[in-house]
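A quick note: this is a predicted structure, and the numbers were derived from the prediction, not measured. Count residues from 1 along the sequence.
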Amino acid sequence: MAWLTRFSAAVAFFAVGVLFSPETFGSKSITQLATYLKLAHVVCFATAFGAALWVTFIGGIIMFKNLPRHQFGNLQSKMFPAYFSLVGVCCAISVASFGYLHPWKSATTSEKYQLGFLLSSFAFNLTNLFVFTPMTIEMMKQRHKVEREDNIGNEIGWSKNREVAKTNPKLAAMNKKFGMIHGLSSLANILSFGSLAMHSWYLAGKLNL
């Protein structure tokens, strides 16, 4: 129930912030709608960008360097579907809100590029969620089975895997296939993060501090 408590607290703070926002009272409904859409866009973009930054460059690396490899892989197999789902939903909301606020026919060239970046991030995440992640997880399970037969996988890092693969053609072939699939998944994730980073530069240019 701890997560429910934290979630409820976050919703409560959010509701108070909206209630006492200067735009909440005395504004026309169209202006209010635009404000809510901007809020939805910023919150969802920030969530997607922050999650991608943490998972790609911090969390995953820390876990790999500190967890037994099979334990790390099993954890990743549970985390990545949730991660790509979260970022995908946030990107979808960002695309919808940005597209509504900047209709294609009246949008500037810069705004059209930004919509393209957001759509790209959404597409890369969907590809990872429905294509690369299931393939990676299935390949990982098969390789874990082969590794357990050679009594490896409970160590931290790749050293024993690479050593055994030199004398085990089956494991070497699985390593190669897994590396290719995982590499494509990582590339899609990096391209998604890069697209979000480009949008962050656009948003920074709109700030008036």
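- Residues Y36 and F45 fall into different hydrophobic clusters, defined by Ile, Leu, Val, Met, Phe, Trp and Tyr side chains chained together at heavy-atom separations under 4.5 Å.
- Applying the salt bridge (charged side-chain N to carboxylate O under 4.0 Å, His left out) criterion to E163, with sequence neighbours excluded, gives no partner residue.
- To the nearest 0.5 angstrom, F122 atom CZ is 11.0 Å from S94 atom OG.
- In summary, the aromatic rings of H102 and H41 are positioned with their centroids too far apart to meet the 6.0 Å limit.
- Atom NZ of K112 has more than 12 heavy atoms from other residues, nucleotides or ligands within 6.0 Å.
- Put simply, CG on N161 and CE on M174 are 10.5 Å apart, with the number rounded to the nearest 0.5 Å.
- Summarising the local packing, CZ of F57 is surrounded by more than 12 heavy atoms from other residues, nucleotides or ligands at distances under 6.0 Å.
- Side-chain contact of N154 with R69: a donor-acceptor pair under 3.5 Å is absent, judged by distance alone.
- Under the 4.5 Å side-chain criterion, counting only non-hydrogen atoms from C-beta, K38 is not in contact with S97.
- In terms of heavy-atom proximity, F72 sits nearest to G60 at CE1-O, 3.6 Å.
- What you find for S85 and L129 is that their closest heavy atoms are OG-CD1, 3.6 Å.
- Separating the CG atom in N74 from the CG atom in L67 is a distance of 10.5 Å, to the nearest 0.5 Å.
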Next on the checklist: Applying salt bridge (charged side-chain N to carboxylate O under 4.0 Å, His left out) to K160 and E147, what does each step give before you reach the verdict?
Outcome noted: CA-CA 10 Å; K160 288 188 177 181; E147 288 179 327; over 6 Å; no
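- Once rounded to the nearest 0.5 Å, the distance linking CG of N66 with CD1 of I62 reads 7.5 Å.
- Between the side chain of D150 and the backbone N or O of I152 there is no donor-acceptor pair closer than 3.5 Å.
- A chain of hydrophobic side-chain contacts below 4.5 Å, direct or via other Ile, Leu, Val, Met, Phe, Trp or Tyr residues, connects M63 to I58.
- With no hydrogens or angles considered, no side-chain donor-acceptor pair links N189 and N128 at under 3.5 Å.
- There is no path of hydrophobic side-chain contacts, each under 4.5 Å, that joins F80 to L187.
- Here the shortest heavy-atom pairing between I93 and C44 reads CG2-SG, 3.5 Å.
- Contacts of Q142 classified as side-chain hydrogen bond (donor to acceptor under 3.5 Å, both in side chains), with partners at least two apart in sequence or in another chain: E138.
- V164 is connected to M139 through a chain of hydrophobic side-chain contacts under 4.5 Å among Ile, Leu, Val, Met, Phe, Trp and Tyr, so both are in one cluster.
- Residue T108 comes nearest to E111 through the heavy atom pair N-OE1, 2.9 Å, listed as atom of the first residue, atom of the second, then distance.
- With rounding to the nearest 0.5 angstrom, the NE2 atom of H182 is 10.5 Å from the CG atom of L184.
- For T56 (side chain) and L53 (main-chain N/O), no donor-acceptor pair under 3.5 Å exists by modelled atom type.
- Looking at every heavy atom in both residues, Y202 comes nearest to F98 through CE2-CE1, 3.8 Å.
- Atom CZ of F84 and atom OG1 of T133 lie 4.5 Å apart (nearest 0.5 Å).
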Checklist entry - When you look at F49 and V87, which way does the side chain to side chain contact (heavy atoms under 4.5 Å, CB included) test go after all the steps? => result CA-CA 8 Å; F49 186 79; V87 176; over 6 Å; no
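- At a threshold of 4.5 Å between non-hydrogen side-chain atoms, the residues K177 and R143 do not count as touching.
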Checklist entry - Under the side chain to side chain contact (heavy atoms under 4.5 Å, CB included) criterion, do W54 and Y83 qualify, and how do the steps go? => result CA-CA 11 Å; W54 175 261; Y83 161 63; over 6 Å; no
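- Among all heavy-atom pairs drawn from S121 and L196, the shortest one is OG-CG, 3.4 Å.
- Remark: aromatic rings of F193 and F124 are distant, center separation not under 6.0 Å.
- The same ILVMFWY cluster, assembled from side-chain heavy atoms under 4.5 Å apart, contains both L203 and L119.
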